[in-house]
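Remarks on the structure that follows.
Atom set for the values below is all heavy atoms of this structure, side chains included, hydrogens, waters and symmetry mates excluded. Each chain gets a letter, A, B and so on, in the order its sequence line appears, and its residues count up from 1.
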Amino acid sequence: MKNKYSVFSLIKNAFSYHENWEKAWKDPTPKKEYDAVIVGGGGHGLATAYYLAKKHDMKNIAVVEKGWIGGGNTGRNTTIIRSNYLWDASAGLYDHALKIWEGLSQELNYNVMFSQRGVMNLAHNLQDVRDLKRRTHANRLNGIDAVYLNTDEVKKFCPIINTSPDIRYPVLGGTLQRRAGTARHDAVAWGYARGADEMGVDIIQNCEVIGIKRNGDAVEGIETTRGFIKTKKIGVVAAGHSSVIANMAGLRLPLESKPLQALVSEPVKPIIDTVVMSNAVHAYVSQSDKGELVIGAGTDDYVSYTQKGSHQIVEGTLNAILELYPIFSRMRMLRQWGGIVDICPDASPILSKTSIKGLYFNCGWGTGGFKATPGSGDLFAHTIANDEPHKLNAAFNLNRFVSGDLVDEHGAAAVAH
Amino acid sequence: MFVINCPYCGERDQQEFKAGGEAHIERPKQPTELSDDEWAEYLFMRKNIKGVQFERWNHAHGCRKWFNMVRDTSNDEIKLVYKMGEKPPLE
């Protein structure tokens with residue numbers, strides 16, 4: 001049993017200069033065999049392991065991670081959480097996650113700094129206005145909070161936005177989801193890792209998967225840089241590298257991996273207390289608790305695994321930011337980085353069984369997987385434990401690309417993909 | 001960002017180009033005969049290789065011609081460009 005984090009443990013540890021905190025998770029050597037192995041130690045993978053142990057009583061499991069946990073897209077996103085998706089299947093999936101977010105810090109005894117500061121999506125042309133109004137209605141029919149704002153209400157909610165009718169893409173209105181917001185991305189990975197570790201899950205870092213061993217139509221284990229691990233169930237949660245792992249098992253996926261960039265500014269005093277996203281000009285911005293502006297840019301159009309991305313993408317985003325927020329014109333940017341996102345043709349994820357027995361994939365989250373982390377883990381754990389999808393992720397099967405029953409969120413999901 | 005050697009215009013900044021995805025995916029000769037699995041394969045399934053892969057690119061803000069490229073996606077190094085209709089190099 002781990003010591004509970006609380007104000008008392010904080011005071012107690014202050015007396016020993018915070019040098020005696022117990023380790024949040026162990027550093028085990030891989031066992032010969034597990035009941036299930038999760039490939040990928042990001043938020044989604046760790047959450048999957050956590051819920052497998054907690055809700056499905058599978059304790060003899062491992063998470064293998066080629067680098068360090070939370071070092072991939074979990075640590076590279078802009079931490080936005082929302083559930084205002086158009087289609088019923090997506091609304092069910094993302095709102096399931098949002099509901100778990102609302103109690104996650106208490107559940108994990110780990111402060112994930114979930115802040116429901118609201119997410120506002122802007123409309124810049126007549127089609128945007130129509131689309132956003134339609135989405136607002138769809139959201140409310142699905143029990144998701146959403147309101148449509150006119151230009152004055154947008155200005156009132158976020159006063160630093162330039163709502164002049166004379167700018168290149170004037171603000172004609174917007175939608176607001178008040179339950180949406182942000183969370184501390186690293187804390188999500190660390191909190192789930194600590195929770196999973198406590199229940200006996202082995203979190204094995206610096207352990208890259210180099211092969212998947214099959215016996216006919218079933219999996220037998222994984223070949224890693226730290227030796228062979230025998231297992232009958234493999235859950236792959238490898239984000240940008242999903243196709244690489246699929247290739248090892250002789251499986252084809254409908255994914256393309258592309259660089260997505262983000263950047264932060266120097267820290268300043270509180271200036272924007274919400275998240276503002278714009279589909280048409282592709283710019284979104286929020287402010288971290290440290291005071292940095294967190295800015296999300298777009299994806300490049302070519303496949304790349306370099307975690308870099310092109311300069312003109314950042315330039316285009318900053319042009320849009322400056323037009324919408326002239327007050328930021330003299331801000332200096334501190335850091336810029338890229339992550340590799342695996343994009344599905346319909347911009348919806350895959351949480352699915354495959355044609356190979358015991359092999360499960362959780363991928364295709366594209367540019368917006370962070371918000372779904374707890375829900376994704378919960379539903380993927382259900383899928384692995386029961387060898388059947390939960391009703392909330394049944395629509396997100398791999399077979400939809402054969403049947404044609406796509407969940408087409410491209411352009412519908414309140415942000416360009 | 002990288003420099004691309006357009007087979008028609010020579011070296012230009014990557015900004016002028018548009019990536020067109022995996023190359024040498026053949027359009028089905030008999031679309032009416034295709035099974036759902038074959039359609040899925042043609043429309044959606046991609047190699048998405050980490051390493052050397054064949055791609056189509058378009059010089060969108062230049063001569064607007066399409067061409068093929070051999071590129072290493074693990075470091076964005078361009079190995080070769082060749083014109084549409086030419087056979088892909090074996091290696």
Quick check on [X] against chain B: is it the side chain, the backbone, both or neither that has a heavy atom closer than 4.5 Å?
| X | answer |
| --- | --- |
| A:L255 | both |
| A:D342 | neither |
| A:L406 | side chain |

Between B:E22, B:E55, B:K47, B:R71, who has the most heavy-atom pairs with chain A when the cutoff is under 4.5 Å?
B:R71
Just so I know, are the side chains of [X] and [Y] near enough to count as touching, which here means a heavy-atom distance under 4.5 Å?
| X | Y | value |
| --- | --- | --- |
| A:F401 | A:C344 | yes |
| B:H61 | B:R12 | no |
| A:T367 | A:K258 | no |
| A:Q261 | A:Q336 | yes |
| B:F67 | B:F17 | yes |

So, is the end of the B:K65 side chain (NZ or CZ) under 6.0 Å from the ring centre of B:Y8 and within 45° of the ring's axis?
yes
Check each atom of B:I49 against the heavy atoms of chain A and say whether the ones under 4.5 Å are side chain, backbone, both or neither.
backbone
Ring centres of A:F380 and A:F396 under 6.0 Å apart?
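So the answer is no for these two rings.
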Closest approach of A:T299 and A:I313, non-hydrogen atoms and distance?
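Closest approach of A:T299 to A:I313, heavy atoms only: O-CD1, 3.6 Å.
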To the nearest 0.5 Å, how far apart are NE2 in A:H311 and CG in B:D13?
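Spacing of NE2 (A:H311) from CG (B:D13) equals 10.0 Å.
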Which residues in residues 30-40 of chain B have a heavy atom less than 4.5 Å from any heavy atom of chain A?
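Checking residues 30-40 of chain B against chain A gives B:D36, B:D37, B:A40.
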Below 30° counts as parallel, above 60° as perpendicular, anything between as tilted: where do the rings of B:H24 and B:Y82 land?
parallel
Between the side chains of A:T383 and A:N393, does any donor sit under 3.5 Å from an acceptor?
yes
Are A:D387 and A:Y360 close enough that a side-chain donor and a side-chain acceptor fall under 3.5 Å?
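Yes.
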Listed by number, the residues in residues 236-245 of chain A that come under 4.5 Å of chain B (heavy atom to heavy atom) are A:H241, A:S243, A:V244
